[in-house]
Engineer: 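I have a structure I would like to understand better, so I am pasting it below and will then ask my questions one at a time.
Please read these numbers as outputs of a predicted model, since none were measured by experiment.
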Amino acid sequence: MILDNIGVGLVGSTTHVFNLILQYCQDLYSSGYGNGALSSVYGRKGLMLSPTLAAFTNGVAVHSMDFDDTWHPATHPSGAVLPALLALTQMLSKEKRISGEDLLTAFNVGIEVQGRLMGFSHEAKNIPKKFHPPTVVGTMGSAAASAKLLSLTKEQSAHALAIAASLAGAPMANAATLAKPLHIGNATRLGLEAALLASKGMEANSLILDYVPGCSGFSAFYGDYQPKSLSPAGEDYEFLLEKQDIAFKSFPAHLGMHWIADASVSVRNRLINHYGSFNPFAIQSIVLRVPVSKYINRPYPESEHEARHSFQFNSCTALLDGEVNIGSFSEEKMYRRDLHNLLSKVVIEHPEDNVANFDKMYGEIVILLKNGDVKIGKTDTFYGHWRNPLSRESLLKKFRTNALHVLKEGQVEDVIQMVENIESVTDISHLPVSLQ
């Protein structure tokens with residue numbers, strides 16, 4: 001998870017939205033915003049910002065292409081935690097040495113808190129409609145991870161989580177816009193700020209995570225939130241990651257797109273096997289059978305961010321090219337005549353058994369040819385889903401491809417070596433420096 005998140009952050013540092021945010025943060029910092037401890041920025045050699053601004057900027061990079069990991073219940077867990085921790089390791093290195101094991105422990109705490117909070121709600125298990133989950137549980141996870149790395153007391157940690165709850169939440173309406181990457185940036189930054197405030201003596205409601213009738217705490221975000229006591233910490237404590245694996249994306253788009261892209265590639269291959277080639281002009285109509293989810297049903301996306309959230313676009317791209325990749329969202333690819341010709345033939349259907357849940361949904365495509373022939377492709381579990389995880393080779397290939405947009409080959413291999421041996425690294429503050 002750490003290696004993948006670094007990779008998508010590095011390639012994300014080449015995007016338009018990252019450059020917008022970086023300029024904004026540089027302007028803030030030069031105006032006196034921030035503190036004296038400096039932290040690295042992905043892909044910018046020698047450029048340093050305050051820890052909170054570096055966390056914010058790198059968090060935006062991570063989600064700039066929607067290429068980061070996804071968990072169940074639905075959220076992007078790593079990007080909300082890792083940028084804050086990397087920034088903190090550099091801040092704390094002025095006082096003490098932070099080991100790789102320290103960072104890894106804090107990272108796991110941040111992931112665990114997100115999973116436990118979502119586990120207290122049935123609503124959280126479905127594709128969201130109100131709040132974007134990373135802005136809610138991600139902010140809490142960042143606060144918890146940062147509190148752990150800062151060695152806050154039990155009371156200070158409780159206040160950090162309560163403060164984070166007051167900084168959490170962003171609406172789903174900003175999905176598929178330039179503003180969506182801010183959700184991860186703010187989650188990792190504001191969780192870190194909550195922990196730093198708690199370390200300075202800021203206090204908040206210590207019952208924020210409890211269920212208190214008549215006075216919403218965390219239940220303001222999930223209406224059916226019903227918290228339960230957790231097992232005490234210790235050797236017998238079972239982390240959620242031991243039971244619920246992570247989905248890693250093979251191309252940069254909303255997770256739901258991966259089902260329909262896989263199904264589209266499979267039906268394309270059937271057409272090639274039967275007819276010898278794929279001819280888009282032979283297609284009469286295309287039916288996509290997908291869950292009901294308004295923000296990823298976009299017949300004619302008008303930007304790369306909308307395209308990353310469009311069943312129609314990703315299906316038609318996979319049909320034309322046999323894959324979806326980073327280049328698929330360039331203007332040259334997006335506005336092809338052949339692509340728009342296919343988009344005009346797409347009809348969406350919502351079968352009752354295809355629910356908006358990343359653990360239960362499927363993607364199905366039915367192609368009717370002008371000669372009357374029908375071909376069907378269906379995917380229940382795409383390659384990269386937690387039930388069919390990417391191999392180590394695939395994960396390393398993804399990381400190298402992403403990281404080489406910014407780093408030299410030797411640097412890329414050094415990062416892989418450091419992350420894969422993270423438990424034995426004595427000073428992990430070298431890791432963020434190596435990502436510039």
Engineer: Roughly how far, to the nearest 0.5 Å, is the CG atom of Leu241 from the CD1 atom of Ile246?
Structural biologist: 5.5 Å
Engineer: Is there side-chain contact between Pro351 and Glu364, with at least one heavy-atom pair below 4.5 Å?
Structural biologist: no
Engineer: Answer whether the closest heavy-atom distance between the side chains of Lys125 and His72 falls below 4.5 Å.
Structural biologist: yes
Engineer: NZ of Lys148: more than 12 outside heavy atoms within 6.0 angstrom?
Structural biologist: no
Engineer: Any idea how His385 and Phe382 line up, ring-wise: parallel (<30°), tilted (30 to 60°), or perpendicular (>60°)?
Structural biologist: perpendicular
Engineer: Is the count of non-hydrogen atoms from other residues, nucleotides or ligands lying under 6.0 Å from His122 atom NE2 greater than 12?
Structural biologist: no
Engineer: Measure across Ala55 and Ala84 and return the closest heavy-atom pair with its distance rounded to 0.1 Å.
Structural biologist: CB-CA, 3.9 Å
Engineer: State, yes or no, whether a side-chain contact exists between Arg400 and Glu413 at a heavy-atom distance under 4.5 Å.
Structural biologist: yes
Engineer: Under a 4.5 Å cut-off applied to non-hydrogen side-chain atoms, are Glu349 and Val366 in contact?
Structural biologist: no
Engineer: For Gln244 and Trp71, indicate whether the former's side chain and the latter's backbone hold a donor-acceptor pair under 3.5 Å.
Structural biologist: no
Engineer: For Glu242, does the CD atom sit with more than 12 other heavy atoms under 6.0 Å from it, leaving out its own atoms?
Structural biologist: yes
Engineer: Looking at CD1 of Ile283 and CG of Leu368, how far apart are the two atoms once the value is rounded to the nearest 0.5 Å?
Structural biologist: 9.5 Å
Engineer: So how far is it from Lys333 NZ to Leu339 CG, rounded to the nearest 0.5 Å?
Structural biologist: 10.0 Å
Engineer: Can you find a heavy atom in the side chain of Leu320 that is under 4.5 Å from one in the side chain of Arg336?
Structural biologist: yes
Engineer: Give me the atom names and distance for the closest heavy-atom approach of Gly79 to Asn5.
Structural biologist: N-ND2, 3.3 Å
Engineer: Would you find more than 12 non-hydrogen atoms of other residues, nucleotides or ligands less than 6.0 Å from Gln226 atom CD?
Structural biologist: yes
Engineer: Determine whether a donor-acceptor pair (N or O, by modelled atom type, separation under 3.5 Å) exists between the side chain of Ser142 and the backbone of Thr139.
Structural biologist: no
Engineer: Could you check Arg116 against Leu240 for side chain to side chain contact (heavy atoms under 4.5 Å, CB included), going step by step and ending with a plain yes or no?
Structural biologist: CA-CA 8 Å; Arg116 292 297 179 183; Leu240 285 175; 3.7 Å; yes
Engineer: Which of these passes salt bridge (Lys or Arg N to Asp or Glu O under 4.0 Å) with Arg387: Asp359, Asp245, Asp380?
Structural biologist: Asp359
Engineer: With under 30° as parallel and over 60° as perpendicular, where do the rings of His309 and Tyr295 fit, or are they tilted in between?
Structural biologist: tilted
Engineer: Let's go through Ile260 and Gln312 carefully: what are the C-alpha distance in whole Å and the side-chain angles of both, what is the deciding distance for side chain to side chain contact (heavy atoms under 4.5 Å, CB included) to 0.1 Å, and is it a yes or a no?
Structural biologist: CA-CA 9 Å; Ile260 204 63; Gln312 296 90 331; over 6 Å; no
Engineer: Output yes when Glu420 and Arg392 qualify as a salt bridge under the 4.0 Å nitrogen-oxygen rule, no when they do not.
Structural biologist: yes
Engineer: Using the ring of each side chain (for Trp, its six-membered ring), is His183 parallel, tilted or perpendicular to His132, with breaks at 30° and 60°?
Structural biologist: tilted
Engineer: With a 3.5 Å distance limit and no angle check, can you tell me whether Ser219 reaches the backbone of Ser216 through a side-chain donor-acceptor pair?
Structural biologist: no
Engineer: State, to 0.1 Å, how close Leu343 and Pro299 come at their nearest heavy-atom pair, and which atoms those are.
Structural biologist: CD2-O, 3.7 Å
Engineer: Quick one: is the NZ or CZ of Arg308 closer than 6.0 Å to the six-membered ring centre of Phe329, and within 45° of its axis?
Structural biologist: yes
Engineer: Atom NZ of residue position Lys397 - does it have more than 12 heavy atoms of other residues, nucleotides or ligands inside 6.0 Å?
Structural biologist: no
Engineer: Does Asn402 use its side chain to pair, donor to acceptor, with the backbone of Val11 at less than 3.5 Å?
Structural biologist: no
Engineer: Are the side chains of Met418 and Val415 in touch, meaning some heavy atoms are under 4.5 Å apart?
Structural biologist: no
Engineer: Using a 4.5 Å cut-off on heavy atoms from C-beta on, say whether the side chain of His76 contacts that of Asp66.
Structural biologist: yes
Engineer: With side chain to side chain contact (heavy atoms under 4.5 Å, CB included) as the criterion, how do Ile367 and Arg270 come out once you've worked through the C-alpha distance, each side chain's angles and the decisive distance to 0.1 Å?
Structural biologist: CA-CA 11 Å; Ile367 290 185; Arg270 286 191 179 93; over 6 Å; no
Engineer: Is it true that atom CG of Asp236 has more than 12 heavy atoms of other residues, nucleotides or ligands lying nearer than 6.0 Å?
Structural biologist: no
Engineer: Does the Ser121 side chain pair with the main chain of Ala124, one donor and one acceptor, at a distance under 3.5 Å?
Structural biologist: yes
Engineer: If only atom types and distance count, is the side chain of Asn58 paired as donor or acceptor with the main-chain N or O of Tyr42 below 3.5 Å?
Structural biologist: yes
Engineer: Between Glu238 and Ser231, is there a side-chain donor-acceptor contact under 3.5 Å, judged purely by atom types and distance?
Structural biologist: no
Engineer: Can a donor-acceptor pair be found between the side chains of Asn371 and Gln284 at a distance below 3.5 Å?
Structural biologist: no
Engineer: How far apart are the closest heavy atoms of Ser78 and Pro83, and which atoms are they?
Structural biologist: O-CD, 4.1 Å
Engineer: Tell me yes or no: between the side chains of Ser328 and Asn325, is some donor less than 3.5 Å from an acceptor?
Structural biologist: yes
Engineer: Quick one: sort the Phe251 and His258 rings into parallel, tilted or perpendicular, breaks at 30° and 60°.
Structural biologist: parallel
Engineer: Indicate yes or no: at least one non-hydrogen side-chain atom of Ile428 is less than 4.5 angstrom from one of Asp102.
Structural biologist: no
Engineer: Is there a donor-acceptor pair under 3.5 Å between the side chain of Gln90 and the backbone N or O of Ala87?
Structural biologist: no
Engineer: If we ignore hydrogens and angles and just use 3.5 Å, is the side chain of Asn273 paired with the main-chain N or O of Asn269 as donor and acceptor?
Structural biologist: yes
Engineer: Apply the ring-ring contact (aromatic ring centres under 6.0 Å, His included) test between His254 and each candidate in Phe358, Phe313, Phe67; give the one that qualifies.
Structural biologist: Phe358
Engineer: Considering residues, nucleotides and ligands other than Tyr24, do more than 12 of their heavy atoms fall under 6.0 Å from its OH?
Structural biologist: no
Engineer: Please step through side chain to side chain contact (heavy atoms under 4.5 Å, CB included) for the pair Asp414 and Leu407, ending with a clear verdict.
Structural biologist: CA-CA 10 Å; Asp414 288 345; Leu407 305 180; over 6 Å; no
Engineer: Do Asn108 side-chain atoms and Leu104 backbone N/O form a donor-acceptor pair below 3.5 Å?
Structural biologist: yes
Engineer: Atom CD in Glu304, atom CD in Glu306: separation rounded to 0.5 Å?
Structural biologist: 11.0 Å
Engineer: Is a donor from one side chain sitting under 3.5 angstrom from an acceptor on the other, for Gln23 and Asp27?
Structural biologist: yes
Engineer: Please report the shortest heavy-atom distance between Gly43 and Ser13, naming the atom on each side.
Structural biologist: CA-OG, 4.1 Å
Engineer: With no hydrogens and no angle check, is any side-chain donor or acceptor of Asn314 less than 3.5 Å from a backbone partner on Ala307?
Structural biologist: yes
Engineer: Tell me the closest heavy-atom pair linking Pro432 and Leu86, and the distance in Å.
Structural biologist: CG-O, 3.7 Å
